[in-house]
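Worth knowing before you read on, the calculation uses all heavy atoms, side chains too, and leaves out hydrogens, waters and symmetry mates.
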Amino acid sequence: MEQFKGLQKSLYIWTDSAELDKRVQSLKTATGGDVAVENVHRLSFSSYANSSFDLIVIECAQLTDSYVKLLHMLKPSGKLHLFAYVGPAASLLQEIKLSGFINCTEDADAQTLTAQKPGYETGSSARLSFAKKTSNVNVWKISGDDEELIDEEDLLDDEDKQKPDPAGLKVCSTTGKRKACKNCSCGLADELESEKSAKAATENAKSSCGNCYLGDAFRCSTCPYLGMPAFKPGEKVQLADNLLKSDI
């Protein structure tokens with residue numbers, strides 16, 4: 001009983017009344033506090049408040065459904081001590097653990113079992129915070145005092161510094177060909193359309209006399225090839241757009 005020294009309030013639950021006063025006095029001397037007495041058969045009818053005792057001692061303890069009641073009667077971290085128990089110790093320890101007690105131990109030599117109530121009140125609750133902790137540490141912050149920085153100009157060569165040709169910009173960024181975008185605003189669409197019209201007009205130009213290829217000496221006054229050099233029969237000739245328009 002020396003391990004219970006200093007506990008202020010204890011409950012002694014007895015089975016045999018023989019020398020009861022002697023056992024109660026021995027417990028009072030060991031703890032140095034007050035000791036209440038209760039018969040094991042009257043325990044279910046008792047009306048002790050929750051968290052009333054620092055220690056509960058039971059003699060001739062056996063498997064019972066009263067261990068949960070004893071748990072409520074003990075203060076947080078209170079002790080339960082069983083001696084001269086009836087039945088296998090393993091079964092009693094299992095029953096005590098299932099009732100909510102912790103730190104259950106057995107002293108086979110003294111034939112005693114000791115358990116403890118958790119350090120919180122039965123039925124108590126606490127708020128759980130699932131908010132993520134934020135850190136103010138800037139992991140990307142670099143001190144330039146000890147770091148040798150690279151000059152961005154050194155990363156550019158002469159080709160990178162050349163100004164691009166505006167004509168070369170009028171190409172598709174994917175294929176590299178001259179192809180106007182759907183919403184072209186650089187003038188490439190108009191330029192391509194003009195070239196297409198001129199090409200179609202040239203292909204549709206036909207000679208009425210059949211002597212156009214011989215030169216100006218053999219051409220009519222309204223010949224579209226007037227002023228152009230002679231060419232071989234069947235040779236494709238590109239005409240300027242203004243030659244295909246009437247002067248009147």
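Of the inter-residue distances, the one linking S99 atom OG with H72 atom NE2 reads 9.5 Å to the nearest 0.5 angstrom. The CG atom of L98 lies 12.0 Å from the OH atom of Y67; values are rounded to the nearest 0.5 Å. In this structure, the separation between CG on N50 and CG on L74 is 10.5 Å, given to the nearest 0.5 Å. To the nearest 0.5 Å, atom CG of residue L55 and atom NZ of residue K5 are 15.0 Å apart. Atoms OG1 and CG, on T31 and L7 in that order, are 6.5 Å from each other to the nearest 0.5 Å. Between atom CD1 of residue I56 and atom NZ of residue K79 there is a gap of 13.0 Å, rounded to the nearest 0.5 Å.
Cluster partners of L155 are I150, counting Ile, Leu, Val, Met, Phe, Trp and Tyr whose side-chain heavy atoms approach within less than 4.5 Å, directly or via other members.
For the side chain to side chain contact (heavy atoms under 4.5 Å, CB included) test, residues two or more places apart in sequence or in another chain that qualify with D154 are D151. Qualifying ring pair (Phe, Tyr, Trp, His ring centres under 6.0 Å) partners for Y48, counting only residues two or more places apart in sequence or in other chains: F53. S52 pairs by the side chain to side chain donor-acceptor pair (under 3.5 Å) definition with nothing, not counting sequence neighbours. With sequence neighbours left out, the side chain to side chain contact (heavy atoms under 4.5 Å, CB included) criterion links D157 to E159, D160. Residues meeting the ring pair (Phe, Tyr, Trp, His ring centres under 6.0 Å) test with F101, sequence neighbours left out: none. Looking at residues two or more places apart in sequence or on another chain, you find a side chain to side chain donor-acceptor pair (under 3.5 Å) between D216 and R219. The side chain to side chain contact (heavy atoms under 4.5 Å, CB included) test applied to K97 returns C104, not counting sequence neighbours. Residues satisfying the salt bridge (charged side-chain N to carboxylate O under 4.0 Å, His left out) criterion with K75, sequence neighbours excluded, are D54. By the side chain to side chain contact (heavy atoms under 4.5 Å, CB included) test, K161 is found to be paired with E153, L156, residues two or more places apart in sequence or in another chain being considered.
Listed here is the closest heavy atom pair of A115 and I96: CB-CG2, 3.7 Å.
Inter-residue side-chain proximity for L43 and L70 is flagged as met; some heavy-atom pair is nearer than 4.5 Å. In this structure the side chain of S51 reaches within 4.5 angstrom of the side chain of K117, judged on heavy atoms.
A side-chain donor-acceptor contact under 3.5 Å links Q8 to the backbone of G6. One N or O on the side chain of T29 and one on the backbone of Q25 form a donor-acceptor pair closer than 3.5 Å. Counting only distance, with no hydrogens or angles, the side chain of T15 and the backbone of E59 share a donor-acceptor pair below 3.5 Å.
Sorted by first and then second residue, the salt bridge (Lys or Arg N to Asp or Glu O under 4.0 Å) pairs with a member in residues 25-40 form an empty list; sequence neighbours excluded. Screening residues 104-116 for side chain to side chain donor-acceptor pair (under 3.5 Å) gives H81-T114, N103-Q116 as the qualifying pairs, with residues at least two apart or on separate chains.
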